[in-house]
Amino acid sequence: MTIDNQLAALRRGAAEIISEEDLRKKLQEGRPLRIKLGVDPTIAHVTLGWAVVLRKLRDFQKFGHTACLVIGDFTAQIGDPSGKSKTRPQLTREQVQENVAAVSKQVYKILDPELTEISYNRDWLGAMSFEDVIRLASRYTVARILERDDFTKRLKEERPIAMHEILYPLCQGFDSVELRADVELGGNDQKFNNLVGRTLMSQYGQDPQVVLLMPLLVGTDGKEKMSQSLGNYISVVDTPRDMYGKTMSIPDHLLENWFVLCTDVPLEEIKELVGASQAGTLNPRDAKRRLAKEIVTLYHSAQAAEEEDNYFIETFSKRNQPVEAEEASIPEDMVSEGQVALHVLIGRLGLAKSNGDAKKLIEAGAVSLDGEKATGLMVPVADLKGKVLKVGKHQFRKLS
RNA sequence: GGGGAGAUGCCCGAGUGGCCAAUGGGAACAGACUGUAAAUCUGUCGGCGAGAGCCUUCGCAGGUUCGAAUCCUGCUCUCCCCA
């Protein structure tokens, strides 16, 4: 594959490459490049948002380059200074390794393990003496650190900035020095940190890394970036049903963004799909169905995607009872005098946050049995068995 | 070191002794409408309980009072101004 073709593939979806010329030069050297990606050890899921960057990393692997994952077990104590997170407790190496082991199963759904190298930044950051820290800190100025958006904003809003937070970008930058990274990948919000890496590398006499930034994937809520803590995410290990359903629930304006960042559909085709749905010649819903199928195919299978598409049309478009719903049996101890308290049952089945919540849902008309709205709380068991209980828009249980 | 302001429910923000589980907005959830989209309208929005009601919440710990988010004391944290 020619360098131009490689570049084109790597450029797909990228928000910014600093700089493309540098990247070209590095690619021309013909050796396996070291592509760095920082990993937050506190995460439990690989979300589609993170997958955007991982998929880009995989693109590099396809061209024979090495993925260098840096587990930020040291930096996690600080927490990226978004101002939201407080200083977090130090995790033990064991805890971190457990998390990493759990998450790497998901990561390798995307990455090639053969070309992946994992390191922990506590190994070098934790070993630094106070003197080392001072020396590192002297390489950067306060004014430049405060250029970072978060800091500027917090300063203006009179919100606190702790001393250690301003060291965060330096820590991350130093990782690049330690790893001798050729390229650092990141979400667009990592731009500042990654550029610090460039500066520090030159200061330490290294060839500065190329920074490749991917746009942030907007979450299912259509507003915030997809993240675990906001709950607006799809995990790569979500069931095909959830994955498909959540995708269908994203706002239309996300279509293009998601197609480009989450699928391998060629750009020209995406343009057509998006154009047609905007022009009204294609129902945006159908474009979204395509998107949902692509995503399910990627993480499960084409067959699963087909099945979920059918299920979706049958259950939601045609509003039929689901053909197959998860079975749930009514616990014996809940039956008294032949009656069952419906809200308690819903609570017990985990379909609502609490019994009180379940009661409110019933009052709001969000609960139905075989399509009939439930009204009372006490229901004879006989009227429940064999019926499909629906709670909210998409939770179904076949009672037995 | 000195002076001033502040900490309220998921978030923002009212509330200065009883009518406060706490106005309002946002978020969230649900209903209608739809395409599990958007917009709009409606309802819910601390927990438990069939219910009466009970329990927990207004930075933390004590105190005053029949009664405190509201008053007093101590503590913790944050911001601003001066040095």
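As the structure is a computational prediction, the values presented were derived from the model and not from experiment.
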_Return a single string for nucleotides 39-47 of chain B, one symbol per nucleotide in 5' to 3' order, where B is base contact, S is sugar-phosphate-only contact and - is none, cutoff 4.0 angstrom on heavy atoms._
-----SS-S
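- Rounded to whole Å, the C1' atom of B/A22 lies 8 Å from the corresponding atom of B/G15.
- Taking atom P on both nucleotides, B/C54 is separated from B/G35 by 49 Å, rounded to a whole Å.
- Distances were taken from every side-chain heavy atom of A/K359 (C-beta onward) to each of B/C79, B/A37, B/A50; the shortest belongs to B/A50.
- For the C1' atom pair drawn from B/A14 and B/G9, the interatomic distance equals 13 Å after rounding to whole Å.
- Picking from B/A50, B/G35, B/A30 the nucleotide with the shortest atom distance to the side chain of A/N283 gives B/G35.
- With B/C29, B/A50, B/U36 as the choices, the nucleotide that has an atom nearest any side-chain atom of A/H343 turns out to be B/A50.
- A/K109 places a side-chain N or O within 3.5 Å of a backbone atom of A/Y299 that can act as its donor or acceptor partner.
- A donor and an acceptor atom, one from each side chain of A/D149 and A/T152, are nowhere located under 3.5 Å apart.
- Distances were taken from every side-chain heavy atom of A/P160 (C-beta onward) to each of B/C80, B/U78, B/A50; the shortest belongs to B/U78.
- Atom name C1', nucleotides B/U16 and B/A7: the rounded distance is 16 Å, in whole Å.
- Between the side chains of A/Q61 and A/T116, at least one donor-acceptor pair of N or O atoms lies under 3.5 Å.
- Here B/A32 is the nucleotide among B/A37, B/A28, B/A32 with the atom lying nearest to any side-chain atom of A/K373.
- With C1' as the reference atom, B/C12 and B/G62 are 31 Å apart, rounded to whole Å.
- Among the heavy atoms of the strands lying under 4.0 Å from A/P284 is at least one base atom, whether or not backbone atoms are also near.
- Considering only side-chain atoms of A/R285, the nucleotide from B/A30, B/A50, B/G35 that sits closest is B/G35.
- Separating the C1' atom of B/C72 from that of B/A28 is a span of 40 Å, rounded to the nearest Å.
- Taking atom C1' in both B/A21 and B/U44, one finds a spacing of 15 Å when rounded to whole Å.
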*I would like to know whether A/Q172 and A/Q190 meet side-chain hydrogen bond (donor to acceptor under 3.5 Å, both in side chains); could you show each step before the answer?*
CA-CA 10 Å; A/Q172 195 173 319; A/Q190 291 300 309; 3.1 Å; yes
Quiz: residues 270-282 of chain A side-chain donor-acceptor pairs under 3.5 angstrom, not counting sequence neighbours:
residue : atom : partner : partner atom : Å
A/S277  : OG   : A/L273  : O            : 3.0
A/S277  : OG   : A/V274  : O            : 3.1
A/T281  : OG1  : A/A276  : O            : 3.2

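- No cation-pi contact links A/R122 to A/Y120, judged by a cut-off of 6.0 Å to the six-membered ring centre and 45° from its axis.
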Under 3.5 Å, side-chain donor or acceptor atoms of residues 391-400 of chain A against the rest of the protein: list the pairs with distances, not counting sequence neighbours.
residue : atom : partner : partner atom : Å
A/K398  : NZ   : A/G386  : O            : 3.4

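- Nucleotide B/G53 has B/C48 as its partner under the Watson-Crick or G-U criteria, with both atom distances under 3.5 Å.
- With a 6.0 Å cutoff to the six-membered ring centre and a 45° limit on the axis angle, A/R285 does not count as a cation-pi contact of A/F312.
- Taking only side-chain atoms of A/S249, from C-beta outward, the nucleotide of B/U36, B/A50, B/A38 with the closest atom is B/U36.
- Taking atom C1' in both B/U64 and B/G49, the straight-line distance is 35 Å, to the nearest Å.
- Nucleotide B/G17 has no partner under the Watson-Crick or G-U criteria, as no pair reaches both atom distances under 3.5 Å.
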